[in-house]
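Here the structure comes first, spelled out in C-alpha cells, and everything after it is commentary.
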Amino acid sequence: LVIMRTINQAGLNLVEQFEGCKLKPYLDVAGIATIGIGTTHYPDGTAVTMNDPPISKADAYSFLMSHLQMDCTAVSGLVKVVVNDNQFAALVSFAYNVGTGALASSTLLKKLNSGDIKGAADQLLKWDHAGGVVVKGLTRRRQAERALFLHPV
C-alpha cells in the first residue's frame with residue numbers, strides 16, 4: 001500500500017509566493033518560456049512558448065496542481081527516510097523549481113537519505129544560481145525552503 005503524499009499549505013504558499021502568477025507567457029530568470037505559476041510545460045507535456053495565448057487564473061492553478069502532483073510522486077519515490085510534512089513540502093517546492101532530475105542526483109538527497117537532516121537543509125542554499133550567477137530571488141526562495149524544511153510540524 002502506497003500512501004500518496006501531497007504538498008501541505010505552507011509549501012503551496014511558498015511556491016505561489018516565489019513563482020508569482022502571470023497569465024501571459026514570459027521568460028524566467030534562466031530564459032525559459034513560462035506561464036501561470038511557474039509552468040514551463042503544460043500537463044500534456046508540451047513546452048510553453050512565448051507565442052502561447054494568455055491563460056485564466058483557473059488554468060494557472062490547474063497546471064500548477066498537475067505539475068505538483070507529479071513532483072510529489074517523484075519526491076515520494078526518491079526519499080528513502082521518514083520526513084515530516086514541512087520537509088516533504090520544502091522538497092517538492094525545490095523539485096518544482098529545479099526539476100526532479102536535479103533533486104535525484106543531488107548531494108542534498110544523498111545527505112537526506114543518509115539521515116543528515118541539517119546537511120540536507122544546508123544543501124538547499126547552494127541552489128541559488130541561474131545561468132551561472134547568483135539570483136537574489138533564488139537565494140530568498142532557498143532560504144525559505146530551508147526554514148520550512150527545518151520547521152517542526
Side-chain angles (χ1 to χ4, degrees), residues 1-22 26-48 59-153:
L1 175 68
V2 174
I3 298 169
M4 184 57 215
R5 288 183 84 168
T6 189
I7 190 169
N8 66 14
Q9 191 62 51
L12 192 56
N13 292 347
L14 194 153
V15 170
E16 289 184 69
Q17 175 191 343
F18 285 98
E19 294 291 347
C21 183
K22 296 180 183 166
Y26 65 96
L27 295 177
D28 72 4
V29 294
I32 298 167
T34 307
I35 199 166
I37 307 165
T39 297
T40 58
H41 288 81
Y42 297 104
D44 68 1
T46 306
V48 172
D59 285 338
Y61 278 93
S62 173
F63 298 160
L64 171 67
M65 297 314 292
S66 174
H67 196 295
L68 284 174
Q69 191 172 16
M70 292 186 297
D71 289 337
C72 287
T73 301
V75 169
S76 293
L78 291 169
V79 174
K80 305 301 182 201
V81 295
V82 176
V83 293
N84 69 36
D85 288 347
N86 283 343
Q87 290 167 330
F88 184 79
L91 293 168
V92 171
S93 170
F94 176 78
Y96 184 76
N97 185 235
V98 303
T100 55
L103 175 62
S105 62
S106 70
T107 301
L108 185 166
L109 185 67
K110 288 180 188 70
K111 285 183 180 281
L112 178 63
N113 282 337
S114 74
D116 183 1
I117 300 298
K118 171 94 170 44
D122 291 343
Q123 282 294 311
L124 286 165
L125 301 176
K126 298 186 175 198
W127 292 80
D128 64 351
H129 291 65
V133 296
V134 173
V135 176
K136 285 188 176 123
L138 289 177
T139 300
R140 287 193 306 274
R141 182 178 185 147
R142 296 291 102 84
Q143 289 167 342
E145 288 168 347
R146 182 180 181 277
L148 180 61
F149 188 86
L150 292 174
H151 189 273
V153 178

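Keep in mind that the numbers below use all heavy atoms, side chains included, and drop hydrogens, waters and symmetry copies.
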Kindly compute the distance separating [atom1] ([X]) from [atom2] ([Y]), expressed to the nearest 0.5 Å.
{"X": "T100", "Y": "F94", "atom1": "OG1", "atom2": "CZ", "answer": "11.0 Å"}
{"X": "M65", "Y": "L12", "atom1": "CE", "atom2": "CG", "answer": "5.5 Å"}
{"X": "L124", "Y": "Q143", "atom1": "CG", "atom2": "CD", "answer": "11.0 Å"}
{"X": "E145", "Y": "L91", "atom1": "CD", "atom2": "CG", "answer": "8.5 Å"}

What I'd like to find out is whether the side chain of [X] reaches to under 4.5 Å of the side chain of [Y], using heavy atoms alone.
{"X": "I117", "Y": "Q87", "result": "yes"}
{"X": "I7", "Y": "D71", "result": "no"}
{"X": "R141", "Y": "V15", "result": "yes"}
{"X": "N113", "Y": "V79", "result": "yes"}
{"X": "R142", "Y": "N97", "result": "yes"}
{"X": "T6", "Y": "Q69", "result": "no"}
{"X": "K22", "Y": "D28", "result": "no"}
{"X": "N13", "Y": "Q17", "result": "no"}

Report all side-chain donor-acceptor pairs from residues 33-43 shorter than 3.5 Å, counting only partners two or more places apart or in another chain.
from	atom 1	to	atom 2	distance (Å)
T34	OG1	I32	O	2.8
Y42	OH	D52	OD2	2.6

(request) Could you check Q123 against L109 for side-chain contact (heavy atoms from CB on, under 4.5 Å), going step by step and ending with a plain yes or no? (result) CA-CA 9 Å; Q123 282 294 311; L109 185 67; over 6 Å; no
For [X] and [Y], work out which heavy atoms get closest and say how close.
{"X": "A104", "Y": "L78", "value": "CB-CD2, 3.7 Å"}
{"X": "N84", "Y": "N86", "value": "OD1-N, 2.9 Å"}
{"X": "A102", "Y": "V98", "value": "CB-O, 3.7 Å"}
{"X": "A144", "Y": "F18", "value": "CB-CE1, 3.7 Å"}
{"X": "A89", "Y": "L148", "value": "CB-CD2, 4.1 Å"}

Would you check if the side chain of [X] reaches a backbone N or O of [Y] as a donor-acceptor pair within less than 3.5 Å?
{"X": "S106", "Y": "L103", "value": "yes"}
{"X": "S76", "Y": "C72", "value": "yes"}
{"X": "N8", "Y": "F88", "value": "no"}

(request) Enumerate the residue pairs fulfilling ring pair (Phe, Tyr, Trp, His ring centres under 6.0 Å) with a member in residues 128-153, sequence neighbours excluded, ordered by first and then second residue. (result)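 Listed once each, the pairs would be none.
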(message) For the CD atom on E16, are there more than 12 heavy atoms of other groups (residues, nucleotides or ligands in this structure) within a distance under 6.0 Å?
(response)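 Yes, the 6.0 Å shell around CD holds more than 12 heavy atoms from other groups.
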(message) Between K110 and D116, does any NZ, NE, NH1 or NH2 come within less than 4.0 Å of an OD or OE carboxylate oxygen?
(response)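 Judged by the 4.0 Å cut-off on N to carboxylate O distance, D116 and K110 do not form a salt bridge.
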